[in-house]
There are 2 protein chains.
Amino acid sequence: MRIGQLARSVGVDTQTIRFYEREGLLPPPERQDNGYRIYTERHVERLAFIRRCRILELSLAEIHELQRYQGAPHQPCRAINTLLDDHIAQVRSQITDLQVLEKQLVSLRASCNDDRDIGACRVLEGLSEESMQQ
Amino acid sequence: MRIGQLARSVGVDTQTIRFYEREGLLPPPERQDNGYRIYTERHVERLAFIRRCRILELSLAEIHELQRYQGAPHQPCRAINTLLDDHIAQVRSQITDLQVLEKQLVSLRASCNDDRDIGACRVLEGLSEESMQQ
DNA sequence: TTAAAACTATATAGCCACTATAAGGTCAAT
DNA sequence: ATTGACCTTATAGTGGCTATATAGTTTTAA
Ligand SMILES: [Zn+2]
Ligand SMILES: [Zn+2]
Ligand SMILES: [Zn+2]
Ligand SMILES: [Zn+2]
């Protein structure tokens, strides 16, 4: 199959496929005489794997690491689970940070209503005050 | 004061200050004969404002917009509050997305322990299965 | 006094994971 | 013969910095 069909069947852009190839995540496929890339079912699976990892927001480096593990099936899988644990920890830390952020924003927003002049807007005041610093 | 002192007093890198100047967030300061930038207290305040906005993860475009509002103090502040409301909505949506992500990751992680061969690792299986797609 | 350290300047590239644009070659159908 | 859909490579842009290279200036210390 050609790149367009692969792209449609997995739901990514053709540019993204070429990008993954350049980044070493997708093996370079055979070429037709005219230079067109020709993909196999293996490529579909490989690309789908990448996409599922990306949905979980694993980085390309992490996906690369997982692919290396796939090539060594007789080693213990501790490293894979460690990778996942680290990623989960990072997602949790992002959530916590954003929750702190949300509180600060809501508190700032609550300091003003919509019926003031900008010159008297407490939101702008809040952003201009030293007290808001951290 | 020169750029280094401004940087230290607000807690940013000198490069960041020059970057903000290029982006139009910080007005170009006077220069000494040798070309060195000379800043005033106004610049300190302006940079501190930017930094406080950045702590709240407002984008440079949003900060630019707020600065424009500061120049028109006799207009109603509705636009400011709308900007903040939009930003809060976006932060909340990020939190929700990350919470969904966390659940998926934890569920995937729970499917395996550390004592398997990579060839039998359920985490890798999960990432390779079509069922995980969405 | 001079050499080193610390500061300043500009310009340019890199980060991440794409996305967009340009400029062109290939192929099937009309 | 031309349209249109597809393919190719190369290059630049996104955001908000951060790092590097190269060079000029000021301050400090031997
Ligand atoms: Zn990760
Ligand atoms: Zn207001
Ligand atoms: Zn925002
Ligand atoms: Zn496992």
Side-chain angles (χ1 to χ4, degrees), chain A residues 1-26 28-39 43 46-67 86-87 90-91 94 97-98 101, chain B residues 1-26 28-40 43 46-67 83 86-87 90-91 94 97-98 101:
Chain A
M1 88 185 54
R2 294 190 311 204
I3 197 168
Q5 198 188 332
L6 174 61
R8 275 187 301 277
S9 76
V10 179
V12 302
D13 195 280
T14 55
Q15 306 248 56
T16 305
I17 294 174
R18 294 191 196 99
F19 169 72
Y20 287 157
E21 184 181 329
R22 275 201 305 281
E23 297 293 306
L25 283 170
L26 208 54
E30 301 287 314
R31 300 283 187 129
Q32 283 180 339
D33 291 347
N34 58 15
Y36 288 13
R37 291 169 176 82
I38 296 301
Y39 293 97
H43 288 96
R46 188 95 174 239
L47 182 57
F49 177 85
I50 296 171
R51 186 170 135 73
R52 285 189 284 268
C53 289
R54 288 295 301 137
I55 287 171
L56 297 174
E57 294 208 29
L58 291 166
S59 69
L60 299 193
E62 284 166 331
I63 297 170
H64 215 95
E65 201 177 333
L66 287 178
Q67 289 182 341
D86 289 352
H87 190 65
Q90 200 198 328
V91 168
Q94 277 182 55
D97 290 352
L98 284 171
L101 199 61
Chain B
M1 87 185 55
R2 295 192 310 201
I3 197 168
Q5 197 187 334
L6 174 61
R8 274 188 301 279
S9 76
V10 178
V12 302
D13 195 278
T14 55
Q15 306 248 58
T16 304
I17 294 174
R18 293 190 197 100
F19 169 73
Y20 287 157
E21 184 182 328
R22 274 201 305 283
E23 297 294 306
L25 283 170
L26 208 54
E30 302 287 314
R31 300 283 186 130
Q32 284 180 339
D33 291 348
N34 57 16
Y36 287 13
R37 291 169 176 82
I38 295 301
Y39 293 98
T40 65
H43 288 96
R46 189 97 173 238
L47 182 57
F49 177 84
I50 295 171
R51 186 170 135 72
R52 285 189 284 268
C53 290
R54 288 297 301 137
I55 286 171
L56 297 174
E57 294 207 30
L58 292 166
S59 70
L60 299 193
E62 285 166 332
I63 297 170
H64 215 95
E65 202 178 332
L66 288 177
Q67 289 181 342
L83 188 156
D86 290 352
H87 190 66
Q90 201 198 327
V91 168
Q94 278 183 55
D97 291 351
L98 284 171
L101 198 61

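Residue numbers start from 1 in every chain, and the chains themselves are labelled A, B, ... in the order their sequence lines are given, proteins ahead of strands.
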Legend entry - Rounded distance in Å - CG (B:D33) to P (D:dT26): 9 Å
Inset, instruction - Measure the distance from CD on B:E21 to P on D:dG16 and round it to the nearest whole Å. - result: 18 Å
Legend entry - Side-chain N or O of A:N34 closer than 4.0 Å to phosphate OP1/OP2 of C:dC27: yes
Legend entry - Minimal non-hydrogen separation, B:T14 against B:A7, with atom names: CG2-CB, 3.8 Å
Donor-acceptor list for residues 29-38 of chain B side chains, cut-off 3.5 Å, not counting sequence neighbours:
residue	atom	partner	partner atom	Å
B:R31	NH1	B:G35	O	2.9
B:Q32	OE1	B:N34	ND2	3.3
B:N34	OD1	B:Y36	N	3.0
B:R37	NE	B:E21	OE1	2.8

Legend entry - End axis versus end axis in the helix from C:dT1-D:dA30 to C:dT30-D:dA1, the angle rounded to 10°, five pairs used at each terminus: 30°
Legend entry - Distance, rounded to the nearest Å, where A:D13 contributes CG and D:dT14 contributes C1': 16 Å
Inset, instruction - Please report, rounded to the nearest Å, how far the P atom of C:dT26 is from the CD atom of A:Q32. - result: 12 Å
Inset, instruction - Please confirm whether the backbone N or O of A:R54 pairs with a side-chain atom of A:E57, one donor and one acceptor, at under 3.5 Å? - result: no
Inset, instruction - Calculate the interatomic distance between A:I38 atom CD1 and D:dC6 atom P; express it in whole Å. - result: 15 Å
Legend entry - Under 3.5 Å: donor-acceptor pair, side chain of A:R51, backbone of A:V10: yes
Which pairs, protein N/O on one side and nucleotides 23-25 of chain C N/O on the other, fall under 3.5 Å?
residue	atom	partner	partner atom	Å
C:dG25	N2	A:Y36	OH	2.9

Legend entry - Protein-nucleotide distance (B:I63, atom CD1; D:dG15, atom P), rounded to Å: 13 Å
Legend entry - Distance (rounded to the nearest 0.5 Å) between B:E62 CD and B:L56 CG: 10.5 Å
Legend entry - Under the side-chain hydrogen bond (donor to acceptor under 3.5 Å, both in side chains) test, residues paired with B:E65 that sit two or more places apart: B:Y69
Legend entry - Reference residue B:I17; test side chain to side chain contact (heavy atoms under 4.5 Å, CB included); the match among B:L25, B:I50, B:L26: B:L26
Inset, instruction - Could you run through nucleotides 10-18 of chain C and give me one letter per nucleotide, 5' to 3': B if any protein heavy atom sits under 4.0 Å from the base, S if only the sugar-phosphate is that close, - if neither? - result: B------BB
Legend entry - Side-chain donor or acceptor of A:H87 paired with backbone N/O of A:S59 under 3.5 Å: no
Legend entry - Expected output: side-chain B:E23 to main-chain B:L60 donor-acceptor under 3.5 Å: no
Legend entry - Qualifying residues under ring pair (Phe, Tyr, Trp, His ring centres under 6.0 Å), relative to A:H43, sequence neighbours excluded: A:Y39
Inset, instruction - For A:L6 and D:dT8, give me the distance from atom CG to atom P, rounded to whole Å. - result: 11 Å
Inset, instruction - Starting at NE2 of B:H64, measure out to CG of B:L58 and round the result to the nearest 0.5 Å. - result: 14.5 Å
Inset, instruction - Return the value, rounded to whole Å, for the distance between atom CD1 of B:I3 and atom C1' of D:dT25. - result: 15 Å
